[in-house]
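No experiment lies behind these values; they were computed from the predicted model shown. Counting starts at 1 for both ligands and their atoms, in listed order. Only heavy atoms go into these numbers, but all of them, side chains included; no hydrogens, no water, no symmetry mates.
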Amino acid sequence: MPDAYILGIESSCDETAAAVVRSGEKIVSNVVFSQIAAHQPYGGVVPELASREHLKAIVPVVRKALADAGQTYRSIDALAVTQGPGLAGALMVGISYAKALAFALDKPLIAVNHLEGHIHSVLLEERQKGGFASSNTLSSDRASSNHDLHFPVLALVVSGGHTHLYLAEQQGETWFYRNIGHTRDDAAGEAFDKVAKLLGLGYPGGPIIDKLSQHGDPAAVKFSLSQLKHPDRRTAPDHYGPRFDFSYSGIKTAVLRHVEVHHRQASIEARRKALAGIAQPELEDYLRECDQQTLDLVASFQRAMVGDLVGKTLAAARACGVRTLFVTGGVAANNELRVRFEKDAAQEGLQVYFPSRPLATDNAAMIAAAAYPKFLAKDFAAMDFSAEAGMRLK
Ligand code: KG4
Ligand code: ZN
């Protein structure tokens, strides 16, 4: 099979991204334009603003991805675009542009689920390092060289919009997924963002909580996370077997209650104002504005989140007899989460793989990589497909 160069386009949330990936195993270019600065004054992503920012950025971002790759519109073999889940208006910008390009260039277009993209970011990077067999290896070779990868793999996709556990396996060229856990309310990244916001630490919350936690006592405040024993009434009947669901709105409320009980509101307001007055606050600025009590609270929150994510994922791995874990999505960039996963998984004899930090958060290389098996299977999108804000992964 000759090499295939796929141009991936991603616009599901607040990153406009384009990348060229060769045969699902080599990143040739990877351009990410973050809209964080546009959304920061509002303390979160504003959907309409996101659509407008995508519209401004999409053409230059795609042009740069092609130029960086030494490719042209004509030389690429196919296009891939995120269909969902995500913000409908934001998705439509990427999809409309990808459709127009595919139509004008007469190239195949592949629609990709964003969550599948996050899972493939792990596969892409491992292949790039020479691990796992590439998709176009013959099945017999793949079986012998796939020594690290035991199917099914258990993938934790944990980001600002999602907290999902999937059993994933490849049969022939096709990947199959079964959801065995999801959040009943807030996603883990959303909890990081909301807690940061209520503590006057700005947006996005995950990266700054990650850094500040290293300066606090994680045992200072006890947070208990809900163990969900009852089935989710909203779960579709096609979901069978044991479930490993998450719930993070309670811990956010517990942090809020802690702030109220300890009368922290005035100092939070002062911090919010002080940080808002700094164009691009550095870690030292945050540290100057945080007393030890706040650092302890942040570290305790992170410790509880990490304990819950790792504990539930390992329980699912045990119950399903899984030997390989993937941990991916924006929250997979978290230092404590990585260290804890590595330590606890090793104790149980499990292999755990993370994407590098730039590939953990939203990007288009993962979309182009996830598209490659579909390219081989000629699983191309019809020109009348649309954005699917609540798209599920199956
Ligand atoms: O995957 P992503 O870029 O976008 C979504 O698909 O949601 O994830 C963004 C989320 C945000 O909630 C952000 O706060 C969180 O990932 N995040 C982190 C870290 N870096 C980003 N959370 C915890 N620790 C981090 N280091
Ligand atoms: Zn994402």
Side-chain angles (χ1 to χ4, degrees), residues 8-17 30 32-36 39-40 43-45 47 50 54 82-87 90-91 94 112-122 155-164 166 182-183 186-199 201-214 218 246 248 251-252 283 286 298-299 301-310 326-341 354-367 369-370 389-391 393:
I9 296 175
E10 152 66 36
S11 70
S12 66
C13 190
D14 61 344
E15 262 100 19
T16 316
N30 187 23
V32 180
F33 173 75
S34 168
Q35 304 177 359
I36 283 178
H39 298 285
Q40 230 148 18
V45 178
H54 283 306
T82 305
Q83 183 178 8
L87 302 169
L91 290 162
V112 175
N113 185 307
H114 181 82
L115 301 166
E116 183 172 25
H118 275 302
I119 293 171
H120 279 257
S121 67
V122 180
L156 170 67
V157 183
V158 59
S159 70
H162 314 282
T163 307
H164 287 291
Y166 293 101
H182 64 199
T183 179
D186 291 353
E190 193 179 353
F192 273 90
D193 294 338
K194 286 180 174 169
V195 163
K197 189 172 179 181
L198 79 86
L199 294 177
L201 294 169
Y203 174 84
I208 190 60
I209 288 182
D210 189 353
K211 293 194 187 93
L212 292 178
S213 291
Q214 292 165 25
F246 305 87
Y248 295 120
I251 190 167
K252 169 199 66 192
L283 178 60
Y286 288 99
V298 161
F301 161 77
Q302 179 172 287
R303 174 62 53 91
M305 292 295 295
V306 166
D308 189 71
L309 286 165
V310 175
F326 287 3
V327 183
T328 183
V331 181
N334 186 274
N335 285 290
E336 188 175 342
L337 186 78
R338 286 178 176 242
V339 170
R340 181 80 171 270
F341 253 120
F354 304 91
S356 64
R357 284 182 177 74
L359 246 62
T361 46
D362 288 351
N363 65 86
M366 67 186 198
I367 302 303
M391 194 175 185
L393 178 58

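Asp186 pairs by the side chain to side chain donor-acceptor pair (under 3.5 Å) definition with Lys194, Lys252, not counting sequence neighbours. The side chain to side chain donor-acceptor pair (under 3.5 Å) check on Tyr166 picks up nothing, with sequence neighbours excluded. Shown here are the side chain to side chain donor-acceptor pair (under 3.5 Å) partners of Thr328, two or more places apart in sequence or in another chain: Ser121.
Side-chain atoms of Arg338 come within 3.5 Å of backbone atoms of Ala332 as a donor-acceptor pair (strictly under, hydrogens ignored). No donor-acceptor pair under 3.5 Å is formed between the side chain of Asp210 and the backbone N or O of Ser213. Side-chain atoms of Glu116 never come within 3.5 Å of backbone atoms of His118 as a donor-acceptor pair (strictly under, hydrogens ignored). Without hydrogens or angle criteria, Asp362 side chain to Glu15 main chain gives no donor-acceptor distance under 3.5 Å. When atom types are taken as modelled, the side chain of Asn363 and the backbone of Leu359 share a donor-acceptor pair closer than 3.5 angstrom.
A side-chain donor from one of Asn335 and Arg357 sits under 3.5 Å from a side-chain acceptor of the other. Of the N and O atoms on the side chains of His114 and Thr82, not one donor lies less than 3.5 Å from an acceptor on the other residue.
Using a 4.0 Å cut-off to heavy atoms of Gly330, the atoms of ligand 1 that qualify are 1 (O), 2 (P), 8 (O), 16 (O), 17 (N), 18 (C), 19 (C), 20 (N), 21 (C). Set against the non-hydrogen atoms of His118, the atoms of ligand 1 under 4.0 Å away are 1 (O), 6 (O). Of all the atoms in ligand 1, the ones that sit under 4.0 Å from a non-hydrogen atom of Gly161 are 7 (O). Close approach to His114 involves these atoms of ligand 1, each under 4.0 Å from a residue heavy atom: 6 (O). Every atom of ligand 1 is numbered from 1 in the order shown, and the set under 4.0 Å from a heavy atom of Gly189 is 12 (O).
The shortest heavy-atom contact between Ala50 and Cys13 is CB-O, 3.8 Å.
Annotation: atom 10 (C) of ligand 1 to nearest protein heavy atom, Gly160 N, 3.3 Å. Of all protein heavy atoms, the one closest to atom 2 (P) of ligand 1 is Asp362 OD1, 3.4 Å. Looking only at protein heavy atoms, the nearest one to atom 24 (N) of ligand 1 is Asn334 ND2, 3.0 Å. Looking only at protein heavy atoms, the nearest one to atom 14 (O) of ligand 1 is Asp193 OD1, 2.7 Å.
Classification of the Phe354-Phe341 ring pair by plane angle, with boundaries at 30° and 60°, yields perpendicular.
Take the Zn ion (ligand 2) and draw a sphere of radius 2.8 Å; the protein N/O/S atoms inside it number 3.
Contact annotation for Asp210 and ligand 1: only side-chain heavy atoms (C-beta onward) come within less than 4.0 Å of the ligand.
Taking only nitrogen or oxygen atoms, main chain and side chain alike, Gly206 reaches within less than 3.5 Å of ligand 1. Remark: ligand 1 and Ser159 share an N or O pair separated by less than 3.5 Å (distance only, no angle test).
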